[in-house]
Amino acid sequence: MKRSSTKQASTKQASTKQVSTGETAAVGGTTAADGAGRGAPRGELADRLEAHRTELTGYCYRMLGSAFEAEDAVQETMVRAWRSYERFEGRASLRSWLYRIATNVCLDLLKGSRRRARPMDLASPSSVDTPVGTGLPEATWIGPVPDERVLASAGDPADTAVARESIRLAFIAALQRLAPRQRAVLILREVLSWSASEVAELLGSSVASVNSALQRARATLAASGDTDDEPPRPLDDAQQALLQRYVDAFERFDMDALTALLHEDSTLSMPPYELWLRGRDDILKWLLGPGGGCEGSHLVPVTANGRPAFGQYRADGEPWAIQVIETADGRITALQSFLDTERLFPLFGLPLRYGGQATERAVTEDSDTAGAVTAGAVAPPGEGRPAGSRPAPSP
């Protein structure tokens, strides 16, 4: 990702409001949240820490590939910062100090862990007749994340476009191929625009070592074929019209209309299942066969990973999947359905039962205040996110 290419959580009374901030401010400088002195009252300190939550969540999500692990990592970062603030000497900005803590938290979490992936990273495409099989553990998969949890709500449009592109599922999957320290170097250097000397200071390394790690990381990403050097494009009128046609065709379960919308090499994946399909014909056959239960579905628009997405409810109102959509050249190229509805629907502000237009209105209203749904900075790590999940339903 080259720089040139362009709630369910109730907080404790001590919790603080969440403020969205940009991700591209110079690390060595100060932000508004850095401006207060080190002797600030604890309430003011909590506000200053909380002002960095969104960008830190984006950083940890890119490192870990899971929205839930990212939120836990940021929570741990906030707790460590809160407890050790009296020892913060102020030689670096508060922001860079928090990134150092977050990086250490992520590196600790990644020790000995298996890299997360997408179904297409683990196996060849399946046929329509392939049994769905048993879902693999959640830790196997890269999961989706709501845009508002990881992207600033305001800022330079070019910076926002780069940040959005850097949370694409394909790019997150490519990042997981990197060794953890290489991953941190690439994100800090190429997504967040830190200098080599700033990254070296954060990692306790040398500039030469950072530059070498960056070179190896770039080579690994180039070999993976999962990156795109074309400048990211905003969702224009043509793409909006394509998505509207998709919603209409899917809800009517009109295979002829879907045929006109899907790219001939489009893919369908359904974590936690390893099965995935490639090709418009196989996808349509699957929908008319094992996927026939999707008939009569309702789609509620959300945004995920910098892309249009939908909460899919079955005809009986039960939640079924978060669909993340990829498009190119006026066609839909990927339908990525994530079936862990018990955890994902609350994460995206979606109710666990479809209520018609009332559901869609509630989601629209929630998206305007989504910044307030994460647990507060000083709550125990892991508190404030949906706990546990039922096994993913079988198609």
Side-chain angles (χ1 to χ4, degrees), residues 1-6 17-27 29-34 50-65 67 70-71 74 93 95-96 98-99 102 142 144-175 186-195 198 221 226-240 242-243 301-310 324-328 347-349 363-364 366-374:
M1 175 61 54
K2 295 183 179 178
R3 176 70 177 164
S4 58
S5 35
T6 311
K17 65 183 178 180
Q18 183 165 342
V19 182
S20 295
T21 62
E23 295 192 52
T24 55
V27 66
T30 60
T31 66
D34 291 338
E50 191 68 12
H52 295 282
R53 182 179 290 273
T54 300
E55 61 171 315
L56 288 172
T57 304
Y59 175 62
C60 293
Y61 175 71
R62 295 178 183 99
M63 286 288 293
L64 302 171
E71 291 193 339
V74 173
S93 70
R95 181 174 183 262
S96 59
L98 289 173
Y99 267 93
I142 291 167
V145 68
D147 283 8
E148 63 268 15
R149 296 290 182 108
V150 294
L151 297 177
S153 59
D156 183 88
D159 292 338
T160 300
V162 171
R164 184 178 293 114
E165 195 72 5
S166 72
I167 59 168
R168 284 183 59 227
L169 288 165
F171 185 69
I172 298 299
L175 287 174
L186 186 131
I187 296 168
L188 291 167
R189 291 281 285 116
E190 303 233 315
V191 176
L192 302 182
S193 296
W194 288 36
S195 70
E198 289 164 344
L221 290 190
D226 286 330
T227 59
D228 187 355
D229 286 335
E230 292 186 8
R233 299 175 180 176
L235 196 64
D236 58 23
D237 291 344
Q239 290 173 301
Q240 292 281 13
L242 173 65
L243 293 171
V302 292
T303 56
N305 295 85
R307 293 298 184 267
F310 300 95
V324 183
I325 309 296
E326 294 277 358
T327 65
L347 179 71
F348 280 85
V363 172
T364 301
D366 284 349
S367 67
D368 295 333
T369 56
V373 300
T374 307

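For the atom pair CD1 (Ile167) and CG (Leu175), the distance works out to 12.0 Å, reported to the nearest 0.5 Å. With values rounded to the nearest 0.5 angstrom, Gln239 atom CD is found 8.5 Å from Arg307 atom CZ. Expressed to the nearest 0.5 Å, how far CG of Leu192 lies from CG of Leu186 amounts to 10.0 Å.
Val324 and Ala309 get closest at one heavy-atom pair: CA-CB, 4.1 Å. Heavy atoms only, all atoms of each residue included: Ile142 and Ala173 are closest at CD1-CA, 3.1 Å. The shortest heavy-atom contact between Phe171 and Leu221 is CE1-CD1, 4.1 Å. In this structure, Pro144 and Leu347 approach most closely via the heavy-atom pair O-CD2, 4.2 Å.
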Problem set entry | side-chain contact (heavy atoms from CB on, under 4.5 Å) between His52 and Val74, worked out | CA-CA 10 Å; His52 295 282; Val74 173; over 6 Å; no
For this session: Step by step, work out the side-chain contact (heavy atoms from CB on, under 4.5 Å) result for Ile172 and Val145.
Result: CA-CA 11 Å; Ile172 298 299; Val145 68; over 6 Å; no
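When each of Arg62, Arg95, Arg149 is checked for a salt bridge (Lys or Arg N to Asp or Glu O under 4.0 Å) with Glu55, only Arg95 meets the rule.
Evaluation of the side chain to side chain donor-acceptor pair (under 3.5 Å) rule for Asp147 yields no partner, not counting sequence neighbours. Qualifying side chain to side chain contact (heavy atoms under 4.5 Å, CB included) partners for Ala70, counting only residues two or more places apart in sequence or in other chains: Thr57, Cys60, Tyr61.
Counting heavy atoms from C-beta on, the side chains of Tyr59 and Leu188 come closer than 4.5 Å.
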